[in-house]
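Below: one structure, written as structure tokens.
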Amino acid sequence: MPLNLPLNLPLNLPLRLSLKRRTRAAALAAAMLGLGFASPIAVADETCNSPYMSNLIKGQEDYLYVWTLGVKGMGDGSDKLVTLDVNPKSPKFGQVIDQVSVGGRGEAHHAGFTDDRRFLWAGGLDDSKIYVFDIHSDPGKPKLVNTIADFDKRSGLVGPHTFYALPGRMLIGAVSNSKDGGGVTGMALYNNKGDFIRKYDMPTASTAPALKGADGYGYDLAINPAKNVILSSSFTGKKNYMMPLGTLMKEAAAMKQFGNTMVVWNLKAMRPEQVLSVPGAPLEIRWSLAPNEDWAITATALTSRLWLVKKDARGQWQAKDVGAIGDPAKTPLPVDISMRADGKGLWVNTFMDGTTRYFDISNPEAPRQTYARKTGSQVNMISQSWDGKRLYVSSSLLANWDKTGADNEQFVKLYAWDGKALDEKMNVDFYKLKLGRPHHMKFGAKAAQTTAQTTAHVEAAAQVAAR
């Protein structure tokens, strides 16, 4: 399990490491060997992460960090990072062991680790604030160490959604803009210290006339370094996602304001090169993690389809509709997907019917649903352990899109998966505990603290080695 130091990045990469940092990284690797490490250290994580992230959890995770939407009148009413103990061998298994409130409600949504896995960045789709939590000093008790409150002013973007780790930097995909709250948006680049570097606009018909179909919409990001590619997907602007779902679905004009494209970017140049037609708001993107396979898959929220992105015989990237998710006529609304580490299986959560589905994607050209279970009245995010034996499901989509009444369940559940059926092992009721609406989930491990401490010693040795 490598540390994944980015020593092989091209020198002409705009997101490149400086010569000083690359030299330091090489010295670090040499120092580690000098200290007796046969190979770089690693601890642990779920399957869907940036390829630049180190310390992936490939064993049993100890903690689940849940980025949670505050609810007025419930607890302190604020968004918060909730930490659950999820190790079955722990006496506190299934319990909330920590919570860090951010002092306000901003539509908590997604979060992502920095490349060194020491910090977790989390954002709000409404107020566009970004919160940085230290999760390595004491993995069971995260600390809020930085609040970036000027994301919109610095970038002109709102709704920071995807936090994607790059070497020493964080690439943030946004879903809207500060000018009109519409779907035209872009990406913002920060360093790991939280300093804004620059933004990259999603292509539109006016800014990139050569790219047929460019609509400027954005949502998720996913990188394949071997193919020098970033894929971006598309959703809708703030005016839509902050509107009650029932109202939105009745407004014909608003329903036309959703993205229908994916963009292929040149990673080295950070330049859009191709626009793929993917009707129906393609959301999460997952590259196959299997060796020597260069394809990605996504699901469209409005049309309930799985789409495959891969190169054709001419070497051009193409998007292909490869199958339905449930009954598209009933708009099950696929919201999150999680691919197995070997690229052979895909989990899909559909919000409206509260169903978790498993697809055999041994042949990605023809996915086959082989299992389904209703896991709640509404379900949203899904996180899968690296070994594929555990599956976490959360309930909340957006504050104004969640169901009401008895169907407004708010939970995090853990299931064991034996390849045949899901077996519920944990069910934490976030409303009962007055925590709010649980959304994005990330894994933590006690070993992360040990690794961080050891790495500090190694870095000190590297500094000596580099002199």
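Because only heavy atoms are used, hydrogens play no part in the values below, and waters and symmetry mates are left out as well, while side chains stay in.
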For N260 and Y217: C-alpha separation, side-chain torsions, deciding distance, then whether side-chain hydrogen bond (donor to acceptor under 3.5 Å, both in side chains) applies. CA-CA 8 Å; N260 295 291; Y217 285 75; over 6 Å; no
Please tell me whether D220 and Y164 have a donor and an acceptor in their side chains that are separated by less than 3.5 angstrom. no
Please confirm whether the backbone N or O of G124 pairs with a side-chain atom of H109, one donor and one acceptor, at under 3.5 Å? no
Using atom types as modelled and distance alone, determine if a side-chain donor or acceptor of T147 lies under 3.5 Å from a backbone N or O of A149. no
Heavy atoms of P160 and I172 approach each other most closely as CB-CG2, 3.8 Å
Any salt bridge between E273 and R271, counting N to O under 4.0 Å? yes
Any L398 side-chain heavy atom under 4.5 Å of L125 side chain: yes
Are the side chains of V263 and L231 in contact, using a 4.5 Å heavy-atom criterion? no
Quick one: do the N192 and T114 side chains pair a donor with an acceptor below 3.5 Å? no
Taking D76 first and then K72, would you say they form a salt bridge - that is, a charged N and a carboxylate O separated by under 4.0 Å? no
Any chance you could measure Y241, atom OH, to E107, atom CD, to the nearest 0.5 Å? 8.0 Å
side-chain contact (heavy atoms from CB on, under 4.5 Å) for K80 and L435? Distances and angles first, verdict last. CA-CA 8 Å; K80 54 182 63 66; L435 296 170; 4.3 Å; yes
Please determine whether side-chain contact (heavy atoms from CB on, under 4.5 Å) holds for the pair D294 and K310, giving the CA-CA distance in whole Å, both sets of side-chain angles, and the decisive distance to 0.1 Å. CA-CA 7 Å; D294 297 309; K310 65 181 297 188; over 6 Å; no
Would you check if there is a donor-acceptor pair between the side chains of S396 and N380 at a distance under 3.5 Å? no
Is there side-chain contact between K199 and D201, with heavy atoms separated by less than 4.5 Å? yes
Below 4.5 Å, heavy atoms only, C-beta onward: do T375 and F411 meet side chain to side chain? no
Looking at K330, I want to see if its NZ is surrounded by more than 12 non-hydrogen atoms of other residues, nucleotides or ligands under 6.0 Å. no
Using side-chain contact (heavy atoms from CB on, under 4.5 Å), reason through L81 and L120 one step at a time and then give a plain yes or no. CA-CA 10 Å; L81 186 67; L120 181 68; 4.0 Å; yes
Residue that, paired with Q410, satisfies side-chain contact (heavy atoms from CB on, under 4.5 Å) out of L69, L433, D402, T68: D402
Tell me yes or no: between the side chains of K442 and N49, is some donor less than 3.5 Å from an acceptor? yes
N266-N228 side chain donor-acceptor pair, cut-off 3.5 Å: yes
Nearest 0.5 Å, what's the OG1-CD1 distance between T300 and I325? 6.0 Å
Which of parallel (below 30°), tilted (30 to 60°) and perpendicular (above 60°) describes H110 and H161? tilted
Start with the C-alpha gap between W347 and Y415, add the side-chain angles, then the distance that decides, and say whether ring-ring contact (aromatic ring centres under 6.0 Å, His included) holds. CA-CA 13 Å; W347 290 100; Y415 293 90; 8.9 Å; no
I want to check something: taking the side chain as every heavy atom from C-beta on, are K344 and D360 in contact at a cut-off of under 4.5 Å? no
How long is the span from the CG atom in D342 to the CD atom in E293, to the nearest 0.5 Å? 9.0 Å
Shortest non-hydrogen pair, S232 vs I285, comes out as C-CD1, 3.8 Å
Hey, mind stepping through I337 and N349 against side-chain contact (heavy atoms from CB on, under 4.5 Å) and telling me if it holds? CA-CA 6 Å; I337 59 178; N349 266 359; over 6 Å; no
Kindly say whether Q274 contributes a backbone atom to a donor-acceptor pair with the side chain of W265 at under 3.5 angstrom? no
Check whether the side chains of Y219 and E284 place a donor and an acceptor atom closer than 3.5 Å, and report yes or no. yes
Modelled atom types, side-chain donor and acceptor of D312 and Q318, under 3.5 Å: yes
Side-chain heavy-atom pair S234, M262 within 4.5 angstrom cut-off: no
Give a yes or no answer on whether the side chain of T350 reaches the backbone of P334 with a donor-acceptor pair at less than 3.5 Å. no
Closest heavy-atom contact between P332 and D353? CB-OD2, 3.7 Å
If we ignore hydrogens and angles and just use 3.5 Å, is the side chain of S50 paired with the main-chain N or O of A165 as donor and acceptor? yes
So for atom NZ, which belongs to K311, do other residues, nucleotides or ligands contribute more than 12 heavy atoms lying within a distance under 6.0 Å? yes
For L333, is there any backbone N or O sitting under 3.5 Å from a side-chain donor or acceptor partner on T331? no
Do P142 and D98 come close enough that some side-chain heavy atom pair is under 4.5 Å? yes
Between G388 and Q384, the two heavy atoms sitting closest are CA-OE1, 3.8 Å
Quiz question: by atom type and distance under 3.5 Å, do the side chains of S395 and E409 form a donor-acceptor pair? no
N/O donor-acceptor pair under 3.5 Å between S128 side chain and G159 backbone: yes
As an exercise, state the distance from CH2 of W417 to OG1 of T356, rounded to the nearest 0.5 Å. 10.5 Å
Would you call the rings of Y190 and F196 parallel, tilted or perpendicular, taking 30° and 60° as the class edges? perpendicular
Expected output: side-chain Y392 to main-chain L64 donor-acceptor under 3.5 Å: no
Report yes if the side chains of M270 and I230 come closer than 4.5 Å at any heavy-atom pair, otherwise no. yes
Closest non-hydrogen atom pair, L221 against G173: CD1-N, 3.6 Å
Tell me if a side-chain donor or acceptor on D115 pairs with a main-chain N or O of G168 at a distance below 3.5 Å. yes
Indicate the atoms forming the closest heavy-atom contact of G216 with T204, along with that distance. CA-CG2, 3.6 Å
M441 side, atom CE; D336 side, atom CG - distance, nearest 0.5 Å: 7.5 Å
For D126, is there an ion pair with K129 - N to carboxylate O distance below 4.0 angstrom? no
Tell me whether D79 is salt-bridged to R105, with the criterion being a basic N under 4.0 Å from an acidic carboxylate O. no
Give a yes or no answer on whether the side chain of Y358 reaches the backbone of R373 with a donor-acceptor pair at less than 3.5 Å. no
Mutual orientation of the aromatic rings belonging to W121 and F163 [parallel < 30°, tilted 30-60°, perpendicular > 60°]: tilted
Between S90 and D85, is any side-chain donor less than 3.5 angstrom from a side-chain acceptor? yes
Roughly how far apart are K239 NZ and S176 OG, rounded to 0.5 Å? 8.0 Å
